[in-house]
Structures are given as structure tokens and as C-alpha cells.
2 protein chains.
Amino acid sequence: MKETRQIIIEAAILVFNEDFSAPLEKVADKANITRRTLHRYFKDRNELVTLCEADMQRCCNKAMNMALNSSEEPLEQLKNMLFAAIDCGAKYSFFHKVHNRTDHSHSRQNDNCAEYDDLYTRYRNVILRLQDNGEVSRSLTTEWIYTLFAAVVTATVNAESHGAVAKNSLKQFAWFSFSKGIGI
Amino acid sequence: MKETRQIIIEAAILVFNEDFSAPLEKVADKANITRRTLHRYFKDRNELVTLCEADMQRCCNKAMNMALNSSEEPLEQLKNMLFAAIDCGAKYSFFHKVHNRTDHSHSRQNDNCAEYDDLYTRYRNVILRLQDNGEVSRSLTTEWIYTLFAAVVTATVNAESHGAVAKNSLKQFAWFSFSKGIGI
DNA sequence: AATTTATGTCTCATTTTTGAGAAATTAATC
DNA sequence: GATTAATTTCTCAAAAATGAGACATAAATT
């Protein structure tokens, strides 16, 4: 199994997203391996966290940029961004948390931050175009819309994992609530 | 200062809401006291957590029930519930998390759970009345609307603490997005 | 000012978490 | 079926977090 490494990372993202300081035992449990195995793959907790962040970063960036490239229509772009973020699941929630923590020191020197910035700029342009068209309420700030976006994604992901409703219905609910919620 | 106890609880709610397994040192720092002082007020971590939960429970229940009692109009009730939850801040976020964790074993024997249930029932009736009136979209489930409610509250609280926009504007944004988002 | 009360400092024992070595066990590959 | 690679089990030492005693200080109360 050359994928054990990845299994552990995925498990760690799920666990750390819920409880950042959770003991590594919990990660091992979630990954269905021993803590000893985990330690063979990662030098220490810090390395694991860093690799989780790199993974989230890569996945979310890729998914979101693909969504942005999927169309010229801002409305279509936004919808696909929302769906992409939901598909990223806990990765997106965590990704957003990391870059918006109170203690997070944002710096364009940091590659991850720079990438995040670029993504945010593209997102912002989509919103501004929609506001210019009058398709999105001009009384809302882009920051609020962005906050709402992340909140709806997190809500959808939680609802899915907690799980009564099917994922596809949830996506439809999410788009309905988000789009109406910003005045579309 | 007979309120040190309460200061610590408030600090702990803020810290644990962000990072449930955070070391108590962080709580002490947030409360601007020593860890030694913290330990004089609380037997152990568990007791602190329990008292945090009791506090959240008391505050959120009181605020939400007051909001529900504030009017006979379901729309007005819902709006006041949203504002009340936002005013509760991190307490509401944490309160919601606790009762919706994957590992939370819900039981009506537990007083907190029973109270939570009652609140949920009252909320549900408000939504059902609005759906009967056709004021809220019938295609959305009450569960989704509830999930969205909590998500919008958390988003607003985060936006506030992270802080560019004033609280009152945020409340207006929150109500706009939530109400439109459920089809009002 | 004297006294009570709460908090801080410094210390220490205990527990939990972390990280890794060594041998046994299981799974994969030849 | 033998060999190699990956994982588990058991163990243990180091580090971090927890909880509390003893005394010094600061504060509130009288």
C-alpha cells in the first residue's frame, strides 16, 4: 500500500478540522492504523500538519481554479466554485480556517498565502462583475459574501457527514440558499 | 473580584470553540490570569468544560426562548432568534457544535439535551408555520434551514471577531442573507 | 494601618502525549 | 514456498500538559 501516507493525511484533515489539538492517537484511529505506523510516515506532529496544509492547499486551489476556468459567465463560475468547495469537503473548511484564523499571519512571501490571495482576487472579480450587472446585491460587501460562501460550504459538509440528506440534494439546497442569500 | 470564575469561563468558551483540546495555558492567557489561578477555581479540565457547557446552555436557552416569546409573528420570532444567537457569539457556535458533534450521544434523560430538544421543537414550529404561509420555501427541509441558521450565525460571529465591519451592519447582512436564503 | 482575600511565582509529582527501537506478525512479490 | 516489505505489538524514554503545595505579593475590606 503506497497510499498509506495519503490515507493518514486525509484522516488527519478530518480530525484536525474538528479538533486541532487532538492527540495523534485519534488520527491513527480514524485512519485505521497504529500510532506507531503513523510515526513511521511522519517525523513529528508538525510535519503532519504541514503536509495536511499542503494537501488542502493543492486540492482546494486546483478545484477552485478549475471552477473559475469552467466558464466566462460569472454566475456559472460562482455556482461551480460552490460545488467544487463542497466536493473538497473538510479540506475546504480547514483550508478556509487556516487562512482566516485570528493568529494567522498573512504574508505574500508565503507561497500558500500568495496562492490564496490570487484565488481571493479571482473570486472578488466574479462578485464585482455580478454586482455591476445588478445580479448580486450591491449593499453587501464582497467580504461578507465570501464569509457566507465559506459558511454555507461548511454547513453543507457538516450536514453531509452528519448525514440524513443525500449529497446532491444538499448541493441544490446550498446553491439555492447561497444564491438567494446574496440577492440573485 | 468574585467574577474571575466567570471571566475564565468566557475565555475558555472562546478558546475551546476554536480548539477543543487546547492546553489550559491558552485559556489562562486569554483570561489574563495564571494557570495556577485557573486551577484554584476549577478542580480539573473536565469540570471547566462542564461548566462552560452549562453556561452556554443557560445563556443560549434564555436568549433563544426570549426571542421566541418576543412576538406571535413567526417571521419576527425567527428574526429575533437570529439576532439573539449572534449576540450570544461564540457561545452559540459552541452550543450548536456540542449538540451536533458526531460523537455526541443525544438522550432526553440528559437535561441539556431535553432543553435543546424543546428549543428545536419551538424553532421547527416557527419554520413550519412560515412554510404553511408560503413565506418560506417548502422545498427546503427544516433540518437544512436549521443548519443554515447556525452557519450564518457562526459566519457573523467570526466576521465580527476578525473584525472590519461593525456588528450592527453584520446583523443586517446576516438577516438579509438568511431570510433570502430560505426563500423569504 | 491592619487584616482578610485573591492572585502570582516557583516548585514538584503525576499523567498524558509524543516519538522511536526491536521483535513478531501479516501482506505482497517473486 | 521463500523472500521482501509493511504493519503491528510491546516497550521505553523524552516532552508536554495537568494539578497542587508553600509562600510572596497585591487588592480589597474593615
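Convention: sequence-line order gives letters A, B, ...; per-chain numbering from 1. Heavy atoms only: backbone and side chains are in, while hydrogens, waters and symmetry mates are out. In this text, all values refer to a predicted model and were calculated from it rather than measured experimentally.
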For residues 162-176 of chain A, run the donor-acceptor check on the side chains, cut-off 3.5 Å, and write out each pair with its distance to 0.1 Å, sequence neighbours left out.
{"residue": "K171(A)", "atom": "NZ", "partner": "D87(A)", "partner atom": "OD1", "Å": "2.9"}
{"residue": "K171(A)", "atom": "NZ", "partner": "D87(A)", "partner atom": "OD2", "Å": "3.2"}

For the pair made of [atom1] in [X] and [atom2] in [N], what is the distance, rounded to whole Å?
{"X": "N32(A)", "N": "dA6(D)", "atom1": "CG", "atom2": "C1'", "answer": "16 Å"}
{"X": "L38(A)", "N": "dT8(D)", "atom1": "CG", "atom2": "C1'", "answer": "14 Å"}
{"X": "R5(A)", "N": "dT7(D)", "atom1": "CZ", "atom2": "C1'", "answer": "16 Å"}
{"X": "L48(A)", "N": "dT17(C)", "atom1": "CG", "atom2": "P", "answer": "16 Å"}

Problem set entry | Same apolar cluster (I L V M F W Y, side chains within < 4.5 Å links), L14(B)/V153(B) | no

For this session: Check side-chain hydrogen bond (donor to acceptor under 3.5 Å, both in side chains) between Q77(B) and all other residues, then give those that pass, not counting sequence neighbours.
Result: none

Seminar exercise, completed: With sequence neighbours left out, the residues meeting side-chain hydrogen bond (donor to acceptor under 3.5 Å, both in side chains) with K79(A) are none

With a 4.0 Å cutoff (strictly under), does any side-chain N or O of [X] reach OP1 or OP2 of [N]?
{"X": "Y41(B)", "N": "dA6(C)", "value": "no"}
{"X": "T4(A)", "N": "dA6(D)", "value": "no"}
{"X": "T37(A)", "N": "dT8(D)", "value": "yes"}

Seminar exercise, completed: Residues pairing under side-chain hydrogen bond (donor to acceptor under 3.5 Å, both in side chains) where one sits in residues 132-148 of chain B, two or more places apart or in two chains, turn out to be S177(A)-W144(B), Y116(B)-Y146(B), R124(B)-T142(B), N133(B)-E135(B), S137(B)-S139(B)

Exercise. side-chain hydrogen bond (donor to acceptor under 3.5 Å, both in side chains): which pairs involve residues 59-70 of chain B, sequence neighbours left out?
Worked result: N61(B)-N65(B), N61(B)-E115(B), N65(B)-R122(B), N69(B)-R122(B), S70(B)-N80(B)

If you look only at distance, which donor and acceptor atoms sit under 3.5 Å apart when one is on a side chain in residues 20-37 of chain A and the other is two or more places apart or in another chain?
{"residue": "S21(A)", "atom": "OG", "partner": "D19(B)", "partner atom": "OD1", "Å": "3.2"}
{"residue": "S21(A)", "atom": "OG", "partner": "D19(B)", "partner atom": "OD2", "Å": "2.6"}

Exercise. With F16(A), which residues qualify under ring-ring contact (aromatic ring centres under 6.0 Å, His included), at least two apart?
Worked result: none

Problem set entry | Bend angle of the helix from dA1(C)-dT30(D) to dC30(C)-dG1(D), end axes from five pairs each (to 10°) | 40°

For this session: Would you mind building the protein contact string for nucleotides 17-24 of chain D? One character per nucleotide, 5' to 3', B for base within reach (heavy atoms under 4.0 Å), S for sugar-phosphate only, - for untouched.
Result: SBBBBB--

